[in-house]
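Below, chains carry the letters A, B, ... as their sequence lines are ordered, and counting in each starts from 1.
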Amino acid sequence: MSEKPEETEHPSDFIRELIRSDNEQGTYGNRVQTRFPPEPNGYLHIGHAKSICLNFGVAGDFGGTCNLRFDDTNPEKESADFVIAIERDLQWLGFESDRGTLYASDYFEQLYTWAEDLITKGLAYVDDQDAEAISDTRGDFTTPGTNSPFRDRSVDENLDLFRRMRAGEFGDGERVLRAKIDMTHANMSMRDPLMYRIRHVTHHRTGDDWCIYPNYDWAHGQSDAFEGVTHSFCTLEFENNRELYDWFLDQLELPHDRPRQTEFGRLGLTHIITSKRKLAALVASGKVEGWDDAQMSTLSGLRRRGYPAKAIREFCDHISVGRVNGTTEVELLESFVRTELNKVALRRMAVLDPLKLVITNWPTDANGNPVIEMREVINNPEDDTAGTRQVPFSGELWIERDDFMIDPPKKFFRLAPGREVRLRSGYFVTCTDALTDADGTVTEVHVTYDPETAGGSAPDGRKVKATMHWVAAATAVQAEVRLYDRLFVSPQPSAGGADPLDDLNPDSMQVVAAAQLEPELAETPLGEVVQFERIGYFAHDLDRAMIFHRTVGLRDEWARIQKRNG
RNA sequence: UGGCCCUUAGUUCAGUUGGAAGAACGCCUGUUUUUGGUACAGGAGGUCGCAGGUUCGAACCCUGCAGGGCCAGCCA
């Protein structure tokens, strides 16, 4: 089986159409170069996966290249830790930067040179106004801005001041370099945008080499151009920046064809947040264990939760890209996770809410203990090569509490007094009795088994309506199992500017302290995802043995019937 | 009394040159089944945002309107 993301055909979309059109017209001589440009100020989330699949996917489809490039122009928020986490997540998702890891900070010197060029051309100036004054004179959507009193300085004075900015002669915020465009422009981002600000802050890569740092608009397009990017994809909120992106590139002598920015709609998912800022707030709140908590919608979190990288890739290919900021139902993502896991996850038996089942006619050994018999059980009915395993069966078993009812309602066809069911790969058993405590809670179920039904089928051809999973009590191992529900109650936790932290589901995690598992589960490698038969897919934690996270449940017809009946 | 962008099924998206409204997921029904899973088959679900116009013919072209998104960080 290939681990490469090439296994899917990408449906066409407006971006691929655009590239086809570029290739037909020879815009870039059939060259396609993209980039994935995260800022290292947090972990990657599921929304980034869409961008990654787009950028790397498009490059792959058209024989082009794609690079990971960190947009590390704001040292106050960025760190090497985030760089490492992002590189790891990208690799886990199944992608590799063609030229290794690139950094906008590697171009600081080039950017500085280009900035002096702009000053020399009279297209940039040093502004002595403070942040407040600059803001006040920018105007707003309906009123034009006014020119800075420093706008018409001479080239020589600008050059001198800019060099002194770099040399560290001024304090933070005392001066900025601005592009000289048009303070009355209808597009706010064209009203003499800032190119450099002074920050005496240590950068995670360039250390203290610089005390002036380029702003996004002055770093991004130039980095694209410097690298030879042809197609620069970003999300819709950068639409207004495109005019400035083009303006800057128009003023410079570029080493390659001019890159073009194209925006696409970002991914939104119900009951999930896809905002690094809000994810950071969640981490800071202490409501989760960290960026890589299994409840987080970060790639690290989803990995711990057991989401296969392939499922995420196929989901991203399926939703495709458009120019709409939509919200996809999280169920669609989960469906891709189930589809993948159904094919690859080994089946195991685990009882989450144990109820004792005693087989009253089961043989005992010389000491009077129930005999233990090894049963051969199929590892994955969807995959013949997965083979079988031996699972101990005996006269005292754990079954799921909700698999038994003393007084079963109409469509319940699991175990009940007088009823016969199949214990998977074991025997048919018939319920003879149930013990209850003072509250009426069932404490023990008594059954008899039919020795003729070894392996799970009756020679006389009689049928049962239910097959149940089980774990032999004497040989069971225990584990902590974490059952997850939606982290956020409302489908759109950030709607209308709401704070998602106010929408946290208090019951998002239910911890089963001591689930009873078949012994084989103790051998499951860390990080592996298995199916607990009839329950769902569960991921062994990445670091802690015998902690399992519910990745996603199986579709549950019985739960649906119950829900329908209130 | 600004600019740019968006609007097709519950959701995400296709819909070629203007020529009979589609897929996936979700939901419902049935078949199969040693997982109430899976697989397979079928069904329901649409004022193509609204109103005009052009045309023999408009989801598609034009105009207007409505609704939504983004933009007034020395964030990206």
Round to the nearest Å and state the distance from [X] atom [atom1] to [N] atom [atom2].
X: A:I319; N: B:A14; atom1: CD1; atom2: P; value: 11 Å
X: A:D383; N: B:A39; atom1: CG; atom2: P; value: 15 Å
X: A:R277; N: B:A76; atom1: CZ; atom2: C1'; value: 12 Å
X: A:M190; N: B:A72; atom1: CE; atom2: C1'; value: 16 Å
X: A:R16; N: B:A14; atom1: CZ; atom2: C1'; value: 14 Å
X: A:N41; N: B:G73; atom1: CG; atom2: P; value: 19 Å
X: A:L554; N: B:U35; atom1: CG; atom2: C1'; value: 7 Å
X: A:R242; N: B:A76; atom1: CZ; atom2: P; value: 20 Å

What's the gap between [N] and [M] when it is taken at their [atom1] atoms, as a whole Å value?
N: B:C62; M: B:G18; atom1: P; result: 11 Å
N: B:U31; M: B:A21; atom1: P; result: 35 Å
N: B:G49; M: B:G69; atom1: C1'; result: 15 Å
N: B:A20; M: B:G15; atom1: C1'; result: 13 Å
N: B:C60; M: B:U7; atom1: C1'; result: 14 Å
N: B:A9; M: B:U55; atom1: C1'; result: 29 Å
N: B:G53; M: B:U8; atom1: P; result: 24 Å

ask   = Can you find a heavy atom in the side chain of A:E132 that is under 4.5 Å from one in the side chain of A:D136?
value =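 Answer yes - side chains close enough.
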query = Is A:R419 close to A:C431 at the side-chain level, that is, under 4.5 Å between some pair of heavy atoms?
reply = no
Identify whether any heavy atom of [X] sits under 4.0 Å from a base atom; if not, whether one sits that close to sugar-phosphate; answer base, sugar-phosphate or nothing.
X: A:T328; value: sugar-phosphate
X: A:P381; value: base
X: A:V324; value: sugar-phosphate
X: A:G173; value: base
X: A:Q129; value: base
X: A:F412; value: base
X: A:K465; value: nothing
X: A:T143; value: nothing
X: A:L194; value: base
X: A:D217; value: nothing
X: A:S335; value: sugar-phosphate
X: A:Y196; value: nothing
X: A:V464; value: nothing
X: A:T73; value: sugar-phosphate

OP1, OP2 of [N] versus side-chain N and O of [X]: anything below 4.0 Å?
X: A:R347; N: B:G37; answer: no
X: A:R338; N: B:U35; answer: no
X: A:R560; N: B:C28; answer: yes
X: A:T270; N: B:U11; answer: no
X: A:R138; N: B:C74; answer: yes

Which residue lies more 5' along RNA chain B, comparing A:F336 with A:K50 via nearest heavy atoms =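 The answer here is A:K50.
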request  = Report the residue (A:D172 or A:R424) whose heavy-atom-nearest nucleotide on RNA chain B is the more 5′ of the two.
outcome  = A:R424
Do [X] and [Y] have their ring centres less than 6.0 Å from each other?
X: A:F413; Y: A:W558; result: no
X: A:H220; Y: A:F238; result: no
X: A:F162; Y: A:Y112; result: yes
X: A:F538; Y: A:F548; result: no

Provide the Watson-Crick or G-U wobble partner of [N], both distances under 3.5 Å; none if there is no partner.
N: B:U32; value: none
N: B:G2; value: B:C71
N: B:G46; value: none
N: B:A21; value: none
N: B:A66; value: B:U7

Quick one: does [X] reach the base of [N] with a side-chain donor-acceptor pair under 3.5 Å?
X: A:E329; N: B:U12; result: no
X: A:E382; N: B:G37; result: yes
X: A:R199; N: B:C74; result: yes
X: A:N187; N: B:G2; result: no
X: A:R534; N: B:G36; result: no

[X] side chain to [Y] backbone, donor-acceptor under 3.5 Å:
X: A:D71; Y: A:E39; answer: no
X: A:T184; Y: A:P144; answer: no
X: A:R338; Y: A:Y537; answer: no

ask   = Does A:Y216 lie flat on the base of B:A76, that is, centres under 5.5 Å apart and planes under 30° off?
value =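 One would not call A:Y216 stacked on the B:A76 base.
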request  = For A:F404 and A:R414, run side chain to side chain contact (heavy atoms under 4.5 Å, CB included): C-alpha distance rounded to whole Å, both residues' side-chain angles, the deciding distance at 0.1 Å, then the answer.
outcome  = CA-CA 6 Å; A:F404 176 81; A:R414 276 110 96 147; over 6 Å; no
